[in-house]
Peer 1: 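Here it is, the structure, as structure tokens.
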Amino acid sequence: MKAVAAEFASAEHDVLIAPHGGVLRELYLPASEADALKRRSASLPQWTLNQRQLCDLELLLNGGFSPLQGFLGRADYDRVVADMRLADGTLWPMPITLDVDEAFAASLGDGAQISLNDVQGTPLAVLTVEDVYFPDRIAEAKAVFGTTDRTHPGVAELLDRTGSVYLGGKLQGIQPPPHYDFTTLRHSPGQLRNWFRQHGWHRIVAFQTRNPMHRAHRELTLRAAEQVGAKLLIQPSVGRTKPGDVDHYTRVRCYRALLEHYPRDHAALSLLPLAMRMGGPREALWHAIIRKNYGASHFIVGRDHAGPGKDAEGRPFYDPYAAQHLLATHEEELGIRIVPFPAMVYAANRDTYLPQNEVEAQDEVRDISGTELRRRLHQGEAIPEWFTFPEVVKILRERHPAQAQQGFVLFFTGLSGSGKSTLAQAVLARLLETGSRPVTVLDGDEVRRHLSKGLGFSREDRNANITRIGYVASEVVRHGGIAICAPIAPYAEARTEARDLVQAHGRFVEIHVATPLEVCEARDRKGLYAAARAGKIKGFTGIDDPYETPVAPELRIDTSEVSVAEAADWVFDWLRQEELA
Ligand code: PPS
């Protein structure tokens, strides 16, 4: 069987009892009541869910977070944070909370109901607010993540991007958050349980992942399934994972390709809209409960499950086997069997994969880390067949082309008359002479005629101008093109913002055209310096408005010392050296 497909029965709204998983409670109202609530929701206070809240809501409504019936109130929250249990003692390790800002919380009256909407404004559920409380987020970070180090993505989110007030209460579901991607691979717990029942799958081992899967994962999952005599459910998290992870579109293409390499009718693929917190052991426990709700009888816990990587001092946040130990302690209570598995490694001398604990002294162990894989993709270097399947490599290479094909930005900055535009034109000519890649030029004057029409030269307007340039350039780079920008960009903060926008997709090459003011003023091609000196133009850069000199640009060129042709050669040679051109 290739994938669990559209043949699933539609979601059931009743309480379902499955062979595994116990009681499952969906929070959707029957259709006619949902319609009535949808109409009424328009008159309620409106809350737009962020991505994490949206993922949480989806799993609350479809029963993935059973037995929760809404966002945690104070008593449940306190006990979950302190000892991984709801107030009634039920095991639940992760605080599922609805955070809002103080102003919104203050606007709510007693017994308030609020409409929870997606960014398009579609009402998805109504929350009846039973509790409004101020959490101690530092204490939450320490208890849940074991640290307040913001290198931990869960901690950074909690401390820096989480509202200061939590709302607790029960939910009434109106409709599931709409998804338009991979719709045949998305299932509610009820749908999956039905599918398992219809297909006679009684023992099901679930595998969680947030990365593309390679041969080691295939070997691990096959062995785990064989060990417990179960079918395999590959259930990757596609809601929100660790920043910097391979996007889920690419990953799902890889999983589909990999599925062809499993024995027929032994493995199924289903996507989980989970917003991961990277909470290591606690998160692993949470993942197991979710998989139980989806009808799995077993759950694979590998090395460093849901680990967030290293802390600010370069030490791992969690012991790599802490998750396995924690789950073993709670296995009876969990209602799902844990299949702990060591890392699988490749022994070149035997041309096979082995669990790490079966490696012998004479074995030649090989591994390619995630970082090394990214480096090879980046450099266009070979990726051996023992590591992954050619179809998977092809998908990853399409998504991460070698550096020479990646987009980049040349960001010339300097005083008016410093030679930015002329140099930009000369470099443009070199790029077009030697390559076939599309180049977009965002010159200062040109941009102000179109993209930034109406903006002036106040600090605010100049920064808005540079942000617009940075945004357009980042889109060009995202599509694999080259953008050449040539604004004055006098303020460091705006240059940094443009750099950050671009670096999400490719290289940002800042070139400070460091021609001295006296030279620029002597050139005075547009007569603007004379006008500024005469007080006819106010706030002119270099005269009565500052130019904050770039501290660490990739290149610095003084056009009073070299010809335009020489300067262009210099830029072009640098690009060659960096394998960008
Ligand atoms: S900024 O600061 O980066 O937003 O400036 P930019 O968009 O590059 O626009 C600079 C061009 O606008 C003309 N001009 C001024 N420059 C600086 N200060 C003031 N007050 C000003 N008023 C008009 C000037 O011709 C700049 O063009 P270049 O090509 O840099 O000489």
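Source: prediction; values computed, not measured. Residue numbers run from 1 in the order of the sequence given. Counting starts at 1 for both ligands and their atoms, following the listed order.
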Peer 1: Non-hydrogen atoms closer than 4.0 Å to ligand 1: which protein residues do they belong to? List them by chain and number, please.
Peer 2: S416, G417, K420, G444, D445, R448, F457, R462, N465, I466, P487, I488, A489, P490, K526, L528, K538, G539, F540, T541
Peer 1: Can you tell which of Y77, F134, F104 makes a ring-ring contact (aromatic ring centres under 6.0 Å, His included) with Y166?
Peer 2: Y77
Peer 1: Does any donor atom in the side chain of D558 or S560 lie under 3.5 Å from an acceptor atom in the other side chain?
Peer 2: yes
Peer 1: Does the separation of the ring centres of F508 and F411 fall below 6.0 angstrom?
Peer 2: yes
Peer 1: Is the terminal nitrogen or CZ of R448 (NZ for Lys, CZ for Arg) located under 6.0 angstrom from the six-membered ring centre of F457 and within 45° of that ring's axis?
Peer 2: yes
Peer 1: On a heavy-atom basis, which atom in L44 and which in Q46 lie closest, and how many Å separate them?
Peer 2: O-NE2, 2.7 Å
Peer 1: When the aromatic ring centroids of Y529 and F540 are compared, is their separation below 6.0 Å?
Peer 2: yes
